[in-house]
Amino acid sequence: MGPPQLAPFPRPLGIFSHFIARQCETLVVKEKVASLSGNSFDITLANGQPILKVKGESLTLSNRMNIMDVNGNLLFCIRKKHLTIHTTYYAENPNGEEIFEVRSKFKLIGSRFLGHFTSASGQQEELVMEGDFTDTSAEIKDEASGQVVASIYRDRWNARELLGGQQTYNVAIAPNVDMAIIVAMCICLDMKNNESSSS
């Protein structure tokens with residue numbers, strides 16, 4: 001099954017203008033072998049071109065995840081907020097300013113995450129991620145319009161993943177959408193899944 005073709009979002013949606021998709025893009029998010037330093041991921045375009053790196057720091061209280069460009073420059077880090085009713089993650093830029101928040105919401109079947117941030121244009125944005133996260137399939141929609149801006153999917157029968165405990169999944173991203181912000185939501189999903197499976 002090929003990647004879903006998503007309609008362009010009518011305006012740039014995101015924080016990092018140089019990561020705004022110019023066309024429908026498919027990212028491949030591949031988990032590296034777990035190490036003492038925590039989960040790490042390589043994020044590439046479908047053609048194999050590296051686009052982002054994610055490096056985990058599991059020995060920190062908030063299980064910090066650093067999102068970097070291909071040159072190793074820190075874009076932001078994701079941390080877990082403690083003492084909140086709903087599981088909440090936030091992203092900080094290199095200056096320590098909070099730029100993005102993702103909060104889980106209870107749902108009887110599947111899961112629901114809400115992402116809040118201010119776009120580069122100054123507009124308040126809310127993205128909703130819903131789906132069956134145990135299967136790693138979900139859609140991310142713009143809350144205001146209901147338009148799908150990203151779709152997460154994977155091959156369910158990848159035997160090497162099942163044996164090795166690693167995950168690889170694909171993320172289709174609509175034109176005009178910030179790929180770094182969508183990756184941040186995927187990382188929050190992974191962090192939540194890891195917490196659920198370890199408790």
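Everything quoted here is computed from the prediction, not taken from an experiment.
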Please check this pair: side chain of [X] against backbone of [Y], looking for a donor-acceptor N/O pair closer than 3.5 Å.
| X | Y | result |
| --- | --- | --- |
| Ser119 | Gly14 | yes |
| Asp178 | Phe16 | yes |
| Asn95 | Glu97 | no |

Non-hydrogen atoms of [X] and [Y] that approach each other most closely:
| X | Y | value |
| --- | --- | --- |
| Tyr89 | Cys188 | CB-SG, 3.6 Å |
| Ser145 | Asp142 | OG-OD2, 2.8 Å |
| Gly56 | Ser40 | N-OG, 3.6 Å |
| Ile173 | Ala21 | CG2-CB, 4.3 Å |
| Cys24 | Pro175 | N-CG, 3.4 Å |
| Ala172 | Leu6 | O-CD1, 3.5 Å |

Determine the interplanar angle of the Phe117 and Phe100 rings, folded into 0 to 90°, and report it as parallel if under 30°, tilted if 30 to 60°, perpendicular if over 60°.
tilted

Out of curiosity, does [Y] fall in the hydrophobic cluster containing [X] (side-chain heavy atoms, cut-off under 4.5 Å, transitive links)?
| X | Y | value |
| --- | --- | --- |
| Val29 | Leu45 | yes |
| Ile67 | Ile99 | yes |
| Ile51 | Ile15 | yes |
| Ile187 | Leu74 | no |

Is there a side-chain contact between [X] and [Y] in this structure, where contact means two heavy atoms from C-beta onward sitting under 4.5 Å apart?
| X | Y | result |
| --- | --- | --- |
| Ile20 | Val177 | no |
| Leu75 | Leu52 | yes |
| Ile152 | Met129 | yes |
| Val28 | Thr168 | yes |
| Val183 | Phe19 | no |
| Lys141 | Val148 | yes |
| Leu127 | Ile181 | yes |
| Pro10 | Gln147 | yes |

To the nearest 0.5 Å, tell me how far [X] [atom1] sits from [Y] [atom2].
| X | Y | atom1 | atom2 | result |
| --- | --- | --- | --- | --- |
| Lys55 | Asp42 | NZ | CG | 11.5 Å |
| Asn71 | Lys53 | CG | NZ | 7.5 Å |
| Phe76 | Met65 | CZ | CE | 11.0 Å |
| Phe41 | Cys186 | CZ | SG | 9.5 Å |
| Thr88 | Leu114 | OG1 | CG | 10.0 Å |
| Leu27 | Met179 | CG | CE | 6.0 Å |

Test side chain to side chain donor-acceptor pair (under 3.5 Å) applied to His116 and Glu125, Gln124, Glu126, the passing residue:
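In the set Glu125, Gln124, Glu126, the residue that makes a side chain to side chain donor-acceptor pair (under 3.5 Å) with His116 is Glu126.
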
Is Glu92 salt-bridged to Arg64, cutoff N-O under 4.0 Å?
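Between Arg64 and Glu92 there is no salt bridge, as every charged N stays at least 4.0 Å from the carboxylate O atoms.
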
